[in-house]
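Per chain, numbering begins at 1; letters A, B, ... match sequence-line order.
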Amino acid sequence: MTTHDAEWHVDEEDLRRYGAGALGPPGLWSVEAHLVACALCRQRLALAADPRTVTAGWSRLDAALDVPSRGPVERAMVRIGVPEATARLLAVTPGLRVSWLAAVVLTLALTTLVSYLAQEAAAPMAFLGVAPALPVIGVALSFGPRLDPTSELVSVTPLHTFRLLLLRTMAVLAATSALSGCASLALPGFGLVVLGWLLPGVALTLLTLAMTAHVGPVNAAVLSGAGWIAALAATVHPGTGTSAIFTPAGQLWVTCAALVAGLALTATRSAFATSRHLNLTRSAGPWRNS
Amino acid sequence: MSQPTVTATGLTLRYRATVALRDVSFSLGTGVTGLLGPNGAGKTSLLRILATSIVADHGDLRVLGADPRTAPGRLAVRRRLGYLPQNPGFYPNFTAFAFVDYVAILKELTDRPARHDEVRRVLAAVGLSDQRTRKIKTLSGGMRQRVALAAALLGDPGLLVLDEPTVGLDPEQRLRFRELIAGLGEGRTVLLSTHQTEDVTTVCQRVIVLDAGMIRFEGDPVELATVARGRVWSSPVRAPEALVSWRTGTGVHRNVGHPPPGAPLVEPTLEDGYLLLLDPARAHGAGAAA
């Protein structure tokens, strides 16, 4: 440090070395602390430093200010190792928005409470009936023009629509399954039957995706949901009020259904290449304003 | 015209009983081509085919040397395509930078520093550098269109497809947008859909007139005006022979159609030629509106 107009200031050599990035601690800490408080030394630094270094520094600062801030879901994904670009793609999934996840938590809390109050039943039917439908609704919310405003743009980018659909589906399925899993822990009295939602959830999601290629995501979700209600109604035992779907044999049938739906989905992959059959464009009809 | 970059032969597209495009053939080279036509002419359908969003039922199409009907060809086109849909969707809480960054990820720009440099480049190209950190919901309609155009310009596309980009903009925004588009045709192919003849007059080197799914004209804007040579005349009152007639600012009527013998002919404009090319029922409708 040196004196200038009866004040302490950084001497020229230290400024030059600081500007070149060659000044080490503890001198570095001292100079930095002083620069924060001294406008005159900041001006001297700007003159002493290589102009290219100053320009590069401004560019870095500018770039840092541009960088979009990450929301909680995106931060969590990056933290567990999801690549930055993939995390950004997934973070905009409507089915992963905090508002939607809050609705899932509320629904699970209510169904868990109802099931808890009916401890004498053989299975927590309210919970098991609702939990498999949650990923289906999440997927329907995450794909297509009604809730994803960029769907038309997405459909003509090099990223295959099918890949994006699967990415979003896996993210929604993982999030809702984690929440449903937590809810299951609140019902230990029912034993393993409380996990009976898992396979139907996967099967219904795959079925929804397979039908999306033909009827669009929302209709597919509605059809899957209606089918699930019908299956529950058809398999419920009048005496116990428990569906056969949640027995070991029933779970085996659900696994078979999931495999068939998975194969059907694979077969429809090419239908996702363009938006014509997916109702992905935002217009009400093909000729609107055309 | 320069070497064709887009060649369409016999494109036909049906939506159930409705024929959207009938045996449409044309070619495009570098520069800005206007696709002019009334509402319902099939412009958006044609643009969606070029943008690989949908596939024509019949006909051949080559875009930038690739066949978009095949999966590899479609991918090749999408990698060199910039598409501005008629109603581009946005995530309103994203900043302009974050939105364009998201589209850049969809366009396979996964290297973060390089991607951010490209985002800054395209935002500068559309004059939005100073607005890049503003949320989209706070931007005007014209600025949002420029955000969508910036997203379309990512990766320096060889083909730019713009679907009615000036609709909904006020006169000043429209002029600024035209100025922007005029500069984009250098070294690349730009297809600009519009139903405003001023767009064509001011920025297009070539024009295609589409009506009822059929091409009525393909040529340069001056040639389109000459279609009406000898078919435009003035009169003190509305001429009964006119297909279209309107009272001008000077008080005299400008008539387009079959002039009576001895009628004082006036110099035709591109708009006159366009009106004469439309089928008579539509021309009458347009005239009433005019």
Engineer: When heavy-atom pairs shorter than 4.5 Å are enumerated against chain A, which of R132(B), E108(B), H116(B), K107(B) gives the highest number?
Structural biologist: R132(B)
Engineer: For chain A, find which of R112(B), R74(B), R79(B) contributes the most heavy-atom pairs closer than 4.5 angstrom.
Structural biologist: R112(B)
Engineer: Under a 4.5 Å heavy-atom cut-off, does chain A meet the side chain of V77(B), its backbone, both or neither?
Structural biologist: neither
Engineer: Between L106(B) and chain A, with a heavy-atom cut-off of 4.5 Å, which part of the residue counts as in contact: side chain, backbone, both or neither?
Structural biologist: both
Engineer: For T33(B), give me all partners under side-chain hydrogen bond (donor to acceptor under 3.5 Å, both in side chains), at least two apart in sequence or on another chain.
Structural biologist: none
Engineer: Measure the CG-CD distance between N87(B) and E152(A) for me, rounded to the nearest 0.5 Å.
Structural biologist: 8.0 Å
Engineer: Mind checking what makes side-chain hydrogen bond (donor to acceptor under 3.5 Å, both in side chains) contact with S180(A), not counting sequence neighbours?
Structural biologist: none
Engineer: Check whether T110(B) gets within reach of chain A through its side chain, its backbone, both or neither, counting any heavy atom under 4.5 Å.
Structural biologist: both
Engineer: Give a yes or no on whether R42(A) atom CZ has more than 12 heavy-atom contacts from other residues, nucleotides or ligands under 6.0 Å away.
Structural biologist: yes
Engineer: Kindly indicate whether the side chain of Y91(B), heavy atoms from C-beta on, has any atom under 4.5 Å from the side chain of P149(A).
Structural biologist: yes
Engineer: In Å and rounded to the nearest 0.5 Å, what is the CG to CZ distance from L153(A) to F99(B)?
Structural biologist: 5.5 Å
Engineer: Could you state the interatomic distance from CZ (R88(A)) to CZ (R115(B)), rounded to the nearest 0.5 Å?
Structural biologist: 7.5 Å
Engineer: Sub-3.5 Å donor-acceptor pair from the side chain of R78(B) to the main-chain atoms of H160(A), do we have one?
Structural biologist: no
